[in-house]
Amino acid sequence: MRSRSRKPGSLLGRAVLPAVLTLVAGTAGAAPAAHAEAAYDLVIRQGHVIDPKNGIDAVTDVAVKDGKIAKVGAGIDPAQAARTVDASGKYVTPGIIDLHAHLFTGRNDAYAAGVLAVAPDGFTFRSGVTTAVDTGSAGWKNFGEFKKYVIDKSKTRVLAFLNIVGRGMAGGRYEQDLSDMRAGPAARTAKKYPGVIVGIKTAHYEGMDWKPVERSVSAGEQANIPVMVDFGSNRPERPLAQLLTEKLRPGDIYTHAYSGNRGELGQDGKLNPGMWAGRKRGVLFDVGHGGGSFAWKVAVPGMKEGFTPDTLSTDLHVTSMNSGMKDMANVMSKFLVLGMPLKDVVAASTWKSAQSVKRADLGHLSVGAPADIAVFNLDKGAFGYTDSFGFKLAGDQKLTCELTVRAGEVVWDLNGMTAKPWAPGLGGGGEEQEH
Ligand SMILES: [Zn+2]
């Protein structure tokens, strides 16, 4: 399918009958400019742009040329664009970065080359995600396979935390094998793929040992990248507070922050003071919603205490997307419902996420940056939001993704904002068929 990818402007349909074109011009987004001469390939007009890195939170225009952001500012002349989109009443953000996903598909019963992972492009663009970070599905022994069959074949920009376990998330017993958790090979592999392997992951460990965390940090030090921790089973021998105040470094990431599965919430209904102490030291807290890692019981009091997430993420996989998590737009909506301002929700899903993995080239709409853009509706109504434990919270707003642009190319268009209007005599056999 990728070989037939549309280039910006190809939707314009150069074969459209001139008479009909006159009829429809001005009724829709597509301006009939000779786009070879247009200053911009695409202009998204009059949306409410939220670009936290550049401090933009206002109605303005965004112009794209050659896959990059060309201009952000009010009053960009539509005549200069091969294609324009009217985004009034909608929010325009940098392409969303999902910091926690499982994308290493294959035929094993696991997340490593397994059926529990999902193919990125099928589940990213429809919620505004243009960059997805796989978190530990692959280890150094199978990262090459992941790179070749998923990362290099996806339009979604796929980055990765490399599992400290050589086999990655190959299944329960493999992920308990301390002899396969080796800092040296993990660090060497990470250094071979700078900017693609953006961190080290430890996950699902049930034992009492600190070695998985210590070896991950050692690999992270050697490769100068952060560590993300899924703290596995809750063990008194290795308490959460010690992880956050002694074991992790500033800039390391604690994911599943609102799960309640590892002592995040105390008996008194308040957050474990270690969470606050960790934050004070610079440890970052990621949502990693997942299929079993997001509890209203933790998130509601946590947010009341002011413990907002540094980064939002889905922990996307087959189970989570078909239960309470659903997709990134739904997770973002949940934090709106919890009282987090929209601009902070966007920051925690774009610029802060990019910074956490040292990819400052991403997560913003600066001129020259990759033209990764999302356009959202913020709908008002009566909505229900389910956590990972079957509990529902009502909410009166919901983000849905209207349009996603990846490197200047429209990759998701819910209501045909960029499509040509159909009229009798148009379309069908012979004219720019794609399927
Ligand atoms: Zn995960």
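Throughout, residue positions are numbered sequentially from 1 according to the sequence presented. Below, all heavy atoms of this structure are taken into account, side chains as well, without hydrogens, waters or symmetry copies.
In the displayed structure, Lys211 atom NZ is contacted under 6.0 Å by at most 12 heavy atoms of other residues, nucleotides or ligands. In Asp109, the CG atom is not crowded: 12 or fewer heavy atoms of neighbouring residues, nucleotides or ligands sit closer than 6.0 Å. For Lys247, the NZ atom is densely surrounded, since the number of other residues' heavy atoms within 6.0 Å is greater than 12. Under a cut-off of 6.0 angstrom, the local environment of CZ in Phe391 is sparse, with at most 12 non-hydrogen atoms contributed by other residues, nucleotides or ligands. No more than 12 heavy atoms of other residues, nucleotides or ligands shown are found within 6.0 angstrom of OH on Tyr149.
Ala82 approaches Ala38 most closely through the heavy-atom pair N-CB, 3.5 Å. Ser356 and Pro226 make their closest contact through O-CG, 3.5 Å (heavy atoms, listed as atom of the first residue, atom of the second, distance). Nearest heavy atom pair, residue Ala81 against residue Thr84, reads CB-CG2, 3.7 Å. Closest approach of Lys343 and Pro52 over heavy atoms only: O-CG, 4.0 Å. Nearest heavy-atom pair, Trp412 versus Cys401, reported as atom, atom and distance to 0.1 Å: NE1-O, 3.1 Å. Minimum heavy-atom separation, Ile96 to Ala374: CG1-CB, 4.4 Å.
A donor-acceptor contact closer than 3.5 angstrom links the side chains of Thr418 and Asp413. Counting only N and O atoms by type, the side chains of Gln46 and Asp86 include no donor and acceptor under 3.5 Å apart. Using a 3.5 Å distance cut-off with no hydrogens or angles, the side chains of Asn163 and Lys201 do not pair a donor with an acceptor. In this structure, a donor-acceptor pair under 3.5 Å is present between the side chains of Gln222 and Ser218. Side chains of Asp230 and Thr255: a donor-acceptor N/O pair is absent below 3.5 angstrom, by distance only.
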Check against side-chain contact (heavy atoms from CB on, under 4.5 Å), Val129 and Phe123: CA-CA 8 Å; Val129 174; Phe123 305 100; over 6 Å; no
Residue pair Asp98, Thr124: steps toward the side-chain contact (heavy atoms from CB on, under 4.5 Å) verdict: CA-CA 8 Å; Asp98 184 352; Thr124 48; over 6 Å; no
Stepwise side-chain contact (heavy atoms from CB on, under 4.5 Å) test for Tyr258 and Asp387: CA-CA 10 Å; Tyr258 303 93; Asp387 71 3; over 6 Å; no
Test log, rule side-chain contact (heavy atoms from CB on, under 4.5 Å), inputs Leu316 and Leu103: CA-CA 8 Å; Leu316 177 71; Leu103 309 169; 4.2 Å; yes
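Looking at Thr130, Asp372, Asp121 one by one, the single match for side-chain hydrogen bond (donor to acceptor under 3.5 Å, both in side chains) with Thr156 turns out to be Asp121. Shown are His289, His256, His317; of these, the ring-ring contact (aromatic ring centres under 6.0 Å, His included) with His100 is made only by His256. Applying ring-ring contact (aromatic ring centres under 6.0 Å, His included) to Phe104 and the options Phe161, Phe146, Tyr111 leaves one that passes, Phe146.
Put simply, CG on Asn272 and CG on Leu240 are 5.0 Å apart, with the number rounded to the nearest 0.5 Å. The structure places OG1 of Thr404 at 9.5 Å from CG of Leu414, a figure rounded to the nearest 0.5 Å. A distance of 9.0 Å separates CD in Glu305 from CE in Met275, rounded to the nearest 0.5 Å. Atom-to-atom distance recorded for Asp252:CG and Met228:CE is 10.5 Å, nearest 0.5 angstrom.
Remark: the backbone N or O of Leu403 is not paired with any side-chain donor or acceptor of Lys90 at under 3.5 angstrom. The backbone N or O of Tyr174 sits nowhere less than 3.5 Å from a side-chain atom of Arg167 that would complete a donor-acceptor pair. Panel note: side chain Asn330, backbone Gly324; a donor-acceptor pair is recorded below 3.5 Å. Of the possible polar contacts, one joining the Asn322 side chain to the Val318 backbone as a donor-acceptor pair under 3.5 Å is found. Between the side chain of Thr245 and the backbone N or O of Gly278 there is no donor-acceptor pair closer than 3.5 Å. Under the 3.5 Å distance criterion, the side-chain polar atoms of Arg262 are matched with a main-chain donor or acceptor of Gly232. A donor-acceptor distance shorter than 3.5 angstrom exists from the side chain of Ser313 to the backbone of Gly288, with no hydrogens or angles considered. At least one donor-acceptor pair under 3.5 Å links the side chain of Asp61 to the backbone N or O of Ile76. Side-chain atoms of Asn108 come within 3.5 Å of backbone N or O of Ala113 as a donor-acceptor pair. In this structure, the side chain of Asp41 engages the main chain of Asp66 through a donor-acceptor pair within 3.5 Å.
Between Asp310 and Arg279, at least one side-chain N (NZ, or NE/NH1/NH2) sits under 4.0 Å from a carboxylate O, which counts as a salt bridge. With respect to Arg126 and Asp327, no salt bridge is recorded, no charged nitrogen being found less than 4.0 Å from a carboxylate O. Salt bridge annotation for Asp361-Arg359: present, with a cationic side-chain nitrogen under 4.0 angstrom from a carboxylate oxygen.
A cation-pi arrangement is present between Arg238 and Phe231 under the rule of less than 6.0 angstrom and at most 45 degrees off the ring axis.
Residues Leu336 and Leu378 meet the side-chain proximity criterion, which asks for heavy atoms closer than 4.5 Å. Counting heavy atoms from C-beta on, the side chains of Pro120 and Val150 come closer than 4.5 Å. A 4.5 Å side-chain heavy-atom check between Lys270 and Leu265 finds every atom pair outside the cut-off. Between Ile69 and Ile373 there is a side-chain heavy-atom pair separated by less than 4.5 Å. The shortest distance between side-chain heavy atoms of Pro370 and Arg157 falls below 4.5 Å. The side-chain heavy atoms of Pro94 and Asp51, taken from C-beta on, include a pair separated by under 4.5 Å. Taking the side chain as every heavy atom from C-beta outward, Val72 and Thr60 approach each other to under 4.5 Å. Pro309 is listed as a side-chain neighbour of Phe335, based on a closest heavy-atom distance under 4.5 Å.
In this structure, His48 and Tyr91 have tilted ring planes: the angle between them lies in the 30° to 60° band. Between Trp296 and Phe294, the two ring planes are perpendicular [angle over 60°; tilted spans 30° to 60°].
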